[in-house]
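The structure appears right after this line, and notes come after that.
Numbering of ligands and ligand atoms starts at 1, following listing order. As a basis for the values below, the full set of heavy atoms in this structure was taken, side chains included, without hydrogen atoms, waters or symmetry mates.
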Amino acid sequence: MIHLTSVDLKKVKAETLVIPVCQDKQIHDDATIATLVRIAKRLKEFKGEKGDQISLYNLPDVKTLRVVFMGLGKLEKVDMEALRATAGKAVMEAIKKDLSNMLIAVPAAAALNMEIQGVLESMMEGACLGNHLFDKYKKEKKHKPLKKIHLLVSADAIKNYRKLSDRIETVCQGTILAREWVSTPPNDKKPEQFSNSIAQLARKENLKVTVWGEKELKQKNFGAILAVAAGSRNRPRMVILEHHPKKTANTIVLVGKGVTFDSGGINLKPSGSLEDMKLDMSGAAAVAATLISLARLKSKASVVGIIPVVENMPSGDASRPGDIINSFAGKTVEIGNTDAEGRLILIDAIAYGVKRYKPRILIDLATLTGACVVALGEKIAGLFSFDDKLAEDIFLSGAKTHERCWRMPLPEDYKELLKSDFADLNNMSSTRYGGAITAALFLSEFIGETRWAHIDIAGPAYTKKETAYCGAGGTGFGVRLLCDLLEKL
Ligand code: BES
Ligand code: ZN
Ligand code: ZN
């Protein structure tokens, strides 16, 4: 779908040419493009400021019907995300105009003071991620994704970066897969359906797939998962995906929270907090999509995804506040609040991952707490780890892919807040403050000596409003970050 191309604009016909423009510097090497930019900048309404945009038709010298100029703002402010957003916005707007092809002029890396790889990567990502619609549930499909997107580059860039576009496309397809799972309504992704969907796609990529139902979960003593699932007629699953390119023991385990709908259970959420709770399997979606992407990329990393899938519902069978349960690890937990269900299913999955795989690193992703959204807003994930190197690596991957993470503390003395009078732990903190931290500390009780990081994606997993390269709904947060990270760990 995304291709690198090097053509002479004077000769080649194109439906739409997109040219990113800086306000204070000429950033294109191609003389024809530089001339077009000069023409656009003669107009008062286009200065190349961030957000400026103008479409001109039938310009001299080029065979392109339509040229869209997009302002990047000041050169010093241009980074990978600015390029990603510009390419994404160009594609999303073209879709709304029912266009089908697009040629995007890639600025000269040297003029931007950037690496050529970074420039290409970000523009390909923006274009690929922007070229997605979730309209499965609309009877009338108003628009279609673009059929072809070409990035206009120099001839030698094509030779050197052909492989790069394959990789970027695969990873972005992974992000889009996660988005679609998250955006799917909860009546169509009950645990059985969601886990079947994961298993089916994973088998196609030759991942090793294990799916356990209630019987196996009982046999193996996953008491915390079963306690969360108790209230729903839609019975739980545990999905395990394994990517082992070689017979190495050096496995990395990823764990993803898979609550297909979080009503809160007996501690029922109020309206306003319920409507988007289909998003509560975003960690699971990111982990599953990452494993599928790693298989497609033929990654050398040995990675296992552990995905507990449940629905959290109130009913006569539901777990009650005050119940004490036996977790897989053997520790007892008093359920202080049935809406703190994520940490319950995660401790069983984490404890299993540690015991079975003895991984060199374990990372979990979860839409775990509203408190994390209060702390960091809707665009930045909370990052928790005792391990400085691992935290730094995750932070850097997130900065690169613009799936931003911010490290939060894990203060030992806050563990006090999770004490129970009757059980080993309470799943609810005794104070309402610092909820993202106490949730992470609760998980930390189950990691043993394993190098571990927890990423609370409650904010960035979902967007109510369309952004530069993502429509409303699931964002696929984490897939690009993990694919980048796993290459370097
Ligand atoms: N799934 C929610 C967290 C959440 C909130 C995700 C908002 C996305 C957006 C989680 O299971 C939950 O309900 N957490 C409670 C914990 C509390 C009961 C200790 C919360 O954050 O209020
Ligand atoms: Zn909850
Ligand atoms: Zn939840």
Side-chain angles (χ1 to χ4, degrees), residues 182-183 186 189 191 194 224-225 227-232 236 255-286 307-314 318-323 333-349 364-382 384 408 414 417-420 425-443 454-464 472-475 477-478:
V182 174
S183 296
K189 61 174 176 198
F194 180 40
I225 295 177
V228 175
S232 173
V255 175
K257 171 178 172 182
V259 178
T260 61
F261 182 71
D262 181 11
S263 71
I266 296 297
N267 294 100
L268 191 65
K269 287 179 184 291
S271 53
S273 302
L274 279 163
E275 291 75 5
D276 292 332
M277 275 306 140
K278 65 174 180 182
L279 66 73
D280 217 17
M281 36 58 76
S282 298
I307 304 166
V309 188
V310 301
E311 185 178 49
N312 186 23
M313 294 293 257
S319 292
R320 293 152 285 251
D323 281 1
V333 180
E334 178 179 355
I335 301 182
N337 190 314
T338 61
D339 197 11
E341 84 299 336
R343 64 196 76 181
L344 292 176
I345 67 169
L346 287 174
I347 58 168
D348 271 6
D364 75 80
L365 271 82
T367 47
L368 202 60
T369 65
C372 198
V373 193
V374 172
L376 296 172
E378 290 176 289
K379 293 183 179 179
I380 301 177
F384 299 83
M408 304 274 276
Y414 282 27
L417 304 168
L418 294 166
K419 284 202 170 137
S420 158
L425 282 168
N426 196 306
N427 78 332
M428 178 74 184
S429 166
S430 54
T431 145
R432 59 198 201 86
Y433 303 112
I437 297 172
T438 45
L441 284 169
F442 183 85
L443 302 180
H454 156 61
I455 310 179
D456 191 333
I457 59 171
Y462 197 84
T463 178
K464 275 189 189 293
T475 61
F477 186 100

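- Protein heavy atom at the shortest distance from atom 2 (C) of ligand 1 is Asp262 OD2, 3.5 Å.
- Every atom of ligand 1 is numbered from 1 in the order shown, and the set under 4.0 Å from a heavy atom of Met428 is 19 (C).
- Using a 4.0 Å cut-off to heavy atoms of Lys269, the atoms of ligand 1 that qualify are 2 (C), 12 (C), 13 (O).
- Between Thr369 and ligand 1, no N or O atom pair is found at a separation short of 3.5 Å.
- Shown here for Asn427 and Gly336, the closest heavy-atom pair between the two residues is OD1-N, 2.7 Å.
- In summary, the atoms of ligand 1 found under 4.0 Å from a heavy atom of Thr367, numbered by their order in the structure, are 1 (N), 2 (C), 3 (C), 6 (C).
- Asp262 lies close to the Zn ion (ligand 3), since one of its N, O or S atoms is found at a distance under 2.8 Å.
- Between Pro191 and Pro236, the shortest heavy-atom contact is CB-CA, 4.3 Å.
- Open room surrounds NZ on Lys379; 12 or fewer heavy atoms of other groups in view lie less than 6.0 Å from it.
- In summary, the atoms of ligand 1 found under 4.0 Å from a heavy atom of Glu341, numbered by their order in the structure, are 11 (O).
- Distances from ligand 1 to the non-hydrogen atoms of Glu378 include no value under 4.0 Å.
- Close approach of ligand 1 to Leu279 is summarised as follows: ligand atoms under 4.0 Å from at least one heavy atom of the residue are 8 (C).
- The Zn ion (ligand 3) does not have Ala366 among its coordinating residues (no N/O/S atom, backbone or side chain, under 2.8 Å).
- Protein heavy atom closest to atom 20 (C) of ligand 1, with residue, atom name and distance, is Gly370 N, 3.9 Å.
- Each of the atoms 18 (C) of ligand 1 lies under 4.0 Å from some heavy atom of Asn337.
- Closest N/O/S atom of Glu341 to the Zn ion (ligand 2): OE1.
- Thr367 and Asp280 share a donor-acceptor pair across their side chains, judged by distance under 3.5 Å alone.
- Ligand 1 places these atoms under 4.0 Å from at least one heavy atom of Met277: 1 (N), 4 (C), 5 (C), 6 (C), 7 (C), 8 (C), 9 (C).
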